[in-house]
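Written below as structure tokens is the structure these notes are about.
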Amino acid sequence: MITAGSSHDQVVVLGTAAAFGHYCSSSINSTSVGASDLVPDGYLWQFSSPDTSSPTLLLGQNERGTLYGAFAYILELAQGNDPIKSASNTTTIASGATRHVSNPAAPVWWVNQWDNLDGSIERGYGGRSLFFAGGKVVADLRRAAAYARILASVGINAVVVNNVNADAALVHTPANIEGLGRIADAFRPFGVRIGVSLNFAAPQSVGGLQTYDPLDASVVAFWDDVTAQLYKRIPDLAGFLVKGDSEGQPGPRKYGRSLAAGANLFARALRKHSSAAADSPGILMYRAFVYDQLQESNWKADRANAAVSYFAPLDGQFDDNVVVQVKYGPIDFQVREPASPLFGHLQKTNAAIELQVTQEYLGQQCHLVYLPPLWRTVLDFDMGKTSGKASLVRDIVTGTHFSRPLGGSAGVVNAGTSDTWLGSHMSQANLYAYGRMAWDPSGGDDDNDAATPRHIIEAWTRLTFGGSPAVVDTIADMALASWPAYENYTGNLGMQTLTDILYTHFGPNPASQDGNGWGQWTRADKNGMGMDRTVRNGTGFAGQYVGAEVAARFESVDTTPQDLLLWFHHVPYTQPLPGPRPGENTTVIQHIYDAHYAGAETAASFVTRWAALNARNALNVDAERYASIARKLAFQAGHALVWRDAVCAFFDGLSGIADRHGRVGHHPWRIEAEAMTLHGYTRQAVSPAIAASGGQAIVATGRGQASASAPIPPSIPPGVYTLAVNYFDLAGGRASYEAQISGKTVGNWTGSAEDVFGKATSTHLDGHSAMRVSFAGVVVAAGDTVTVLGTPDGAEQAPLDYVSFLPDGVVD
Ligand SMILES: *[C@@H]1O[C@H](CO)[C@@H](O)[C@H](O)[C@H]1NC(C)=O
Ligand SMILES: *[C@@H]1O[C@H](CO)[C@@H](O)[C@H](O)[C@H]1NC(C)=O
Ligand SMILES: *[C@@H]1O[C@H](CO)[C@@H](O)[C@H](O)[C@H]1NC(C)=O
Ligand SMILES: *[C@@H]1O[C@H](CO)[C@@H](O)[C@H](O)[C@H]1NC(C)=O
Ligand SMILES: *[C@@H]1O[C@H](CO)[C@@H](O)[C@H](O)[C@H]1NC(C)=O
Ligand SMILES: *[C@@H]1O[C@H](CO)[C@@H](O)[C@H](O)[C@H]1NC(C)=O
């Protein structure tokens, strides 16, 4: 008996439709409960009409569907909703009962984990691997099982447990295969199957063969054997994931074989093991992320062209249990990319969209960036007319548009041992949303309001923090502003994220985007910027869209959406743009300045919005999570300024065109550390220079306490300020600091970000390590002096950039 929170108490009957038909056939059978409407893993809820006393039915097409139906029902109750009222896609049947049917949109809605056998996680910001340590599967898999429960609760049906940059040893030893079996055993009660990433060269590197040619009989036998061993231990294996011929990974091209031949090798090995336990043949997910190193000096060279040029000619050559896994954009999880044109070319090939839940380029869980609005831009993108109708990416990947048997999505999650799984409480919203959107990517249509990004974050907030409207509104408003804000203060107008692509992908380093062999270029020079991807004069990428009208739209500066302008076109900084309000015009360079200032202001507003929430009612969010989120938001606000200042200084220097509003390089409330009186500190250039205010910082010269002081200038009149201190927090040391006003301590802190934030660390003074600490309510009197004392620790020489006395409301 479950009290459903509705007008009347209800008895709920839970089971598979078949079991219900079997045990309850006298009263009702599985046909009449609508089981024929269900696809594998789907479920229905059936509510009797109020005047009958029949139980509420929660029936799954299979056991997994039953579990999903039960979780979905519980998640409604937990939000205080009456399931019958919140259910979408309902019909009224003959008996007067209301039936809600929910089917997954596609067979594949998987998670990828980039876990390494040594326990590290590539691009993971939530601790160590849940599965591996020291080259083996860990003994205690209880936390892995808890992860499976989380995934099941949002409807995920399989997890690839190891990195796509795969270690061949994982499937080579009996101990490791047994370990994978134990992971599968831990996941099975939650209906989550496991898949494994394979290393293409394993036949040679661990198998002792001379070759890994996919057409060689001994190689085929090697993979058949590995696959057989895996199925012996894991009869419900979901399949394999393979990254070949990319970023140094081995692949079939070494032997002149096609990528399709490479994929089919594994697909055929899997096909030999269709078993009842697996309920469908194992699936081979083959990544489309294949590209060559390029020379930037060639104006027509473009990594974005690679996926279509490799895969489009192979359409139709992949076996039916192959799914080509395509990153949402043609480059690499940038803050803004057009949808990959490859989706339009895979008409006789199964396709899945690859999304990143882990925030590799998007703030590494230390910046609040709620991703569903970004994902929607891609899922809702129309590739143009194919087969006579619009081709939305979401309809292509679910297989409906081109009538493919398989398809779906893969989300790179990289959850770890952190208490918050992903490294921050707020980032969990992205995992929840991924599950919801993978099950139902249709989102946001009038008839399915519950799938809009706003509804998803509201539901997540109620489930996570309870139903206080103040909390729900605050979190939803911040979340929805967060991606546009991040885009603004990192890389606006489609220029990409501008992070350091040669190092940790975290902080700003726009110069690194050009002059490298990785092909993530912006072609910024003194006159202008942007990749010329036109057919007319550039790389030709715009012409890769199958819909002629789509290609034509991107071919012209005038019809390219402003947020993709610099993605498709190389334009002068003086290129006119429509301004923020009708009748106002701006330019590319001014838009860069304005967006960066606006984005940093938005990030600063998160801190005050969050604080206001707690001020209104101290019990809105428990103290621990409140403080943890406050700490992250404060970090983000500080780091958004590092971004803003670095990017604005970079383009100011490059273009020589000043900000119309005189903000760039003008910081009236700052005192640069290098301008202070130093004892035990010395000046040091920062690289890139734009990562430091004024291009310089100071570092302690010895092991003891060092100090930097300065009289507070008359331009900072007596009053009450927030004192902000910008410093650098490096890996390999935890320096301690103290800020004083005329000898009186106003704040203490430690450079221990590596213990707190989970992001990639840096060993240099740069845009990754630059950060800020703030102390409110600091009183300044006439004649006061500011002093910062720094005590080095390990490799961290207590580096300082500047102090800033901020009047109320000033963001700088
Ligand atoms: C199930 O119900 C349908 C429609 O109500 C009926 O036609 C069918 O004979 C029933 N099947 C069984 C096995 O009772
Ligand atoms: C909506 O319900 C119908 C049956 O009434 C079912 O065929 C369809 O798959 C359902 N749609 C979704 C998105 O679950
Ligand atoms: C065409 O491409 C060349 C480089 O090959 C470039 O220098 C030039 O600016 C481009 N012209 C236009 C009109 O975009
Ligand atoms: C603003 O820009 C648009 C488009 O470039 C142009 O048509 C219009 O004349 C401009 N208006 C002003 C006032 O410069
Ligand atoms: C982003 O920048 C634009 C351009 O300055 C501005 O109009 C918009 O409000 C900003 N949005 C956010 C969320 O910061
Ligand atoms: C800062 O640290 C010093 C020395 O440990 C201590 O005396 C002082 O009270 C601390 N001040 C604050 C504001 O925490």
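Whatever order the structure lists ligands and atoms in, that order sets their numbers, starting from 1.
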*Backbone or side chain, does any N or O of T91 fall under 3.5 Å from an N or O of ligand 2?*
no
_Which of the numbered atoms in ligand 2 are under 4.0 angstrom from any heavy atom belonging to N103?_
6 (C), 8 (C), 9 (O), 12 (C), 14 (O)
*Excluding sequence neighbours, so at least two apart, what forms side-chain contact (heavy atoms from CB on, under 4.5 Å) with S309?*
none
*Would you confirm whether the ring centroid of Y43 sits within less than 6.0 angstrom of the ring centroid of Y68?*
no
*Ligand-side contact atoms (ligand 2) for residue partner S102, heavy atom cut-off under 4.0 Å*: 14 (O)
*Would you say the side-chain atoms of T602 and Y489 include a donor-acceptor pair closer than 3.5 Å?*
no
_Tell me which residues fall inside the under-4.0 Å heavy-atom shell around ligand 5._
A481, P484, A485, N488, D594, A595, A598, G599, T602
*asked:* Would you say the ring centers of H367 and F506 fall short of 6.0 Å from each other?
replied: yes
_Which residues pass the side-chain hydrogen bond (donor to acceptor under 3.5 Å, both in side chains) test with E76, not counting sequence neighbours?_
N81, S86
*Distance-only donor-acceptor check, side chains H569 and Q575, under 3.5 Å*: no
*asked:* Checking D812 now: which residues fulfil salt bridge (charged side-chain N to carboxylate O under 4.0 Å, His left out) with it, not counting sequence neighbours?
replied: R644, R670
